Visitor: 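This structure is in structure tokens; I'll ask about it shortly.
Bear in mind that the values here come from a model prediction, so they are computed numbers and not experimental data. The figures here come from the full heavy-atom set of this structure, side chains too, leaving out hydrogens, waters and symmetry mates. The sequence lines fix the lettering, A, B, ..., with proteins before strands; numbering per chain opens at 1.
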Amino acid sequence: MRFAPSPTGYLHIGGARTALFNWLFARHNKGKFILRIEDTDRSRSTEEFIEAIIEGMRWLGLDWDEGPFRQTERLDIYRGYVERLISEGKAYYCYCSQEELERKRKEAMAEGRPVKYDRRCLSLKEPVSGVSPVVRFKMPQYGQTIVDDLIRGKVVFDNEQLDDLIILRSDGTPTYNLTVVVDDVDMGITHVIRGDDHLNNTPKQIHIYRALNYEPPVFAHLPMILGPDRTRLSKRHGATSVLAYRDMGYLPDAVVNYLARLGWSHGDQEIFTRQELIEFFTFDNVGKAASVFNPEKLLWLNGQHIMNTPPERLAELVIPFLVREGIIKDEDEVDRGWLSRAIVTLRERSKTLLELARSLRYYIVEDVEYEEKAKGKFLTGDRADLLLELRHALSGVEPFTAQNIEAVFRSIIEKRGIKLGALAQPVRVAMTGGTASPGIFEVLEIVGKDKALRRLDRAIKVSSGQ
RNA sequence: GGUCCCAUCGUCUAGUGGCCUAGGACGUAGCCCUCUCAAGGCUAAGACACGGGUUCGAGUCCCGUUGGGACCGCCA
């Protein structure tokens with residue numbers, strides 16, 4: 001198996017899904033997974049995109065066994081094959097100009113005829129001087145070609161439709177349809193798994209395999225992933241690169257899980273570990289219809305994976321976000337054990353690592369910022385006395401644990417005959433600045449006694465209007 | 001326009017001729033739990049594109065229609 005992206009863009013959701021299915025199939029069958037960069041389009045391929053694709057693969061955890069190979073390092077190999085095809089009469093030089101070809105193409109489309117090269121250069125005996133030719137592959141013109149696809153079954157094409165495609169450009173570089181065949185042969189690829197936008201190319205490639213005296217591999221064409229408007233997924237539909245999801249605080253396991261479920265299923269199961277995906281993945285359960293990318297479901301799944309991730313691990317993962325958000329200055333500023341305990345309270349309330357980091361702010365910084373609405377509602381003059389009583393009671397609590405803190409709260413509300421909410425909400429504002437947080441007793445414990453008392457003092461001042 | 005592919009709730013999907021009064025999940029709404037927010041639990045609304053066949057029986061097989069998509073490059 002191989003994943004063979006062209007570095008003319010970042011690793012986007014669609015490419016990642018193709019890579020994932022190749023990887024899952026390879027791992028499930030204990031086969032080899034090869035990464036190959038198809039960079040023969042020199043005008044559009046860049047080093048930056050190559051790096052980004054590799055980084056994206058690494059982040060997703062799609063490790064490869066061989067490569068990354070680059071086609072631009074193999075140009076001599078392709079040229080050898082082209083020469084062989086020409087000498088065997090299976091390919092020929094073509095001197096037609098691009099302008100003329102373009103004109104004929106438009107004409108054919110306008111008149112509703114199939115677009116096809118007219119083979120005018122096929123019978124040429126002498127080279128045309130002053131023109132550097134391309135090389136065309138001679139396609140059979142009668143009979144049928146059957147693509148036996150793992151997902152679609154047998155797909156039949158009439159050879160009459162097949163166009164003599166260009167395999168070598170006038171600048172001497174090979175084109176995709178040749179390189180893909182040569183490399184897949186050369187690298188011993190047994191299964192070609194790719195997007196179904198390649199299905200129409202497949203019969204042509206099959207003939208190139210045959211011309212080279214090789215047996216074509218097994219094909220599996222995956223359905224496309226569409227945006228919410230049911231057109232092909234693009235930048236307009238959100239993140240362009242999978243790395244954007246990393247930066248938004250998504251877990252690679254969640255993205256992998258989501259992508260796997262786009263077009264594949266295992267009964268009613270929604271949440272999978274990587275191991276489960278490898279174990280369960282087969283093409284029997286891959287669907288044929290295109291699917292729409294649903295960011296809400298990905299977000300939910302990310303939340304589920306966060307809940308299933310050990311707090312110690314989350315602590316490591318969230319630290320870069322804490323730094324990025326300016327909550328801490330460097331990664332050693334915060335105690336990992338304490339951070340893990342803080343994360344336990346926030347784990348089921350965070351759908352992304354970014355959200356988790358932002359919620360951790362009020363545990364870490366010295367002073368919280370009050371939300372205007374929350375302050376107006378809960379830090380009012382009539383609460384000052386209540387908060388003061390709590391402050392004094394709390395100062396004697398030792399150890400400062402949620403359990404002991406709760407006992408203090410219970411005794412105060414019982415004495416005063418008030419509901420817990422009447423006390424908890426103002427304290428919540430004092431501790432977090434807002435009205436939504438984990439349970440107030442745990443919040444106090446995590447904040448710690450000294451800081452909690454300081455925050456209460458400040459809240460009391462604000463309440464009493466000082 | 002030509003060729004090819006596809007078609008179950010808004011979305012992802014289960015379904016491989018009788019287990020389907022079409023199941024699950026996201027999202028939406030309501031209720032429960034509750035110190036707030038989540039998480040969790042329960043409930044609700046919500047789909048077999050249409051028309052013909054085949055069959056005792058069709059979401060499932062066949063044909064057509066409609067709709068969507070891909071490709072038709074000296075891009076991959």
Visitor: Work out how far the P atom of C26(B) is from that of U21(B), and round it to whole angstrom.
Guide: 26 Å
Visitor: Please, which pairs that meet salt bridge (Lys or Arg N to Asp or Glu O under 4.0 Å) have at least one residue in residues 345-362 of chain A, sequence neighbours excluded?
Guide: Glu325(A)-Arg358(A)
Visitor: Let me spell it out: for each of Glu111(A) and Tyr258(A), pick the nucleotide of RNA chain B with the closest heavy atom. Which residue's pick is nearer the 5' end?
Guide: Glu111(A)
Visitor: Is the shortest side-chain N to carboxylate O distance from Asp148(A) to Lys154(A) below 4.0 Å?
Guide: yes
Visitor: With heavy atoms under 4.0 Å as the rule, sort Pro438(A) into base, sugar-phosphate or nothing.
Guide: base
Visitor: Roughly how far apart are Ser6(A) OG and Ile53(A) CD1, rounded to 0.5 Å?
Guide: 7.0 Å
Visitor: Considering only heavy atoms, which members of residues 411-422 of chain A lie under 4.0 Å from some atom of RNA chain B?
Guide: Leu420(A), Gly421(A)
Visitor: Tell which nucleotide pairs with A70(B), taking only Watson-Crick or G-U wobble pairs whose two distances are both under 3.5 angstrom.
Guide: U3(B)
Visitor: Using side-chain hydrogen bond (donor to acceptor under 3.5 Å, both in side chains) as the criterion, list what pairs up with Asp385(A), not counting sequence neighbours.
Guide: Arg416(A)
Visitor: Could you work out which one of U11(B), G2(B), U36(B) sits closest to the side chain of Val292(A)?
Guide: U11(B)
Visitor: Write down the distance between NZ (Lys106(A)) and C1' (G2(B)), rounded to a whole number of angstrom.
Guide: 18 Å
Visitor: At a cut-off of 3.5 Å, list every protein nitrogen or oxygen paired with a nitrogen or oxygen from nucleotides 61-72 of chain B, distance to 0.1 Å.
Guide:
{"residue": "A70(B)", "atom": "N3", "partner": "Asn200(A)", "partner atom": "ND2", "Å": "3.3"}
{"residue": "C71(B)", "atom": "OP1", "partner": "Arg232(A)", "partner atom": "NH1", "Å": "2.9"}

Visitor: Classify the side chain of Gln269(A) and the base of G24(B) as holding, or not holding, a donor-acceptor pair under 3.5 Å.
Guide: no
Visitor: Just grab all the salt bridge (Lys or Arg N to Asp or Glu O under 4.0 Å) pairs involving residues 424-446 of chain A, residues at least two apart or on different chains.
Guide: Arg341(A)-Glu445(A)
Visitor: Which residues in residues 152-162 of chain A have a heavy atom closer than 4.0 Å to any atom of RNA chain B?
Guide: Arg152(A), Val155(A), Val156(A), Phe157(A), Gln161(A)
Visitor: Taking atom P of U11(B) as reference, at what distance in whole Å does atom CG of Asn294(A) sit?
Guide: 10 Å
Visitor: Does Lys288(A) contact C6(B) through a side-chain donor or acceptor facing the base, at a distance under 3.5 Å?
Guide: no
Visitor: Which residue in the set Glu99(A), Glu107(A), Arg105(A) passes side chain to side chain contact (heavy atoms under 4.5 Å, CB included) when paired with Arg103(A)?
Guide: Glu107(A)
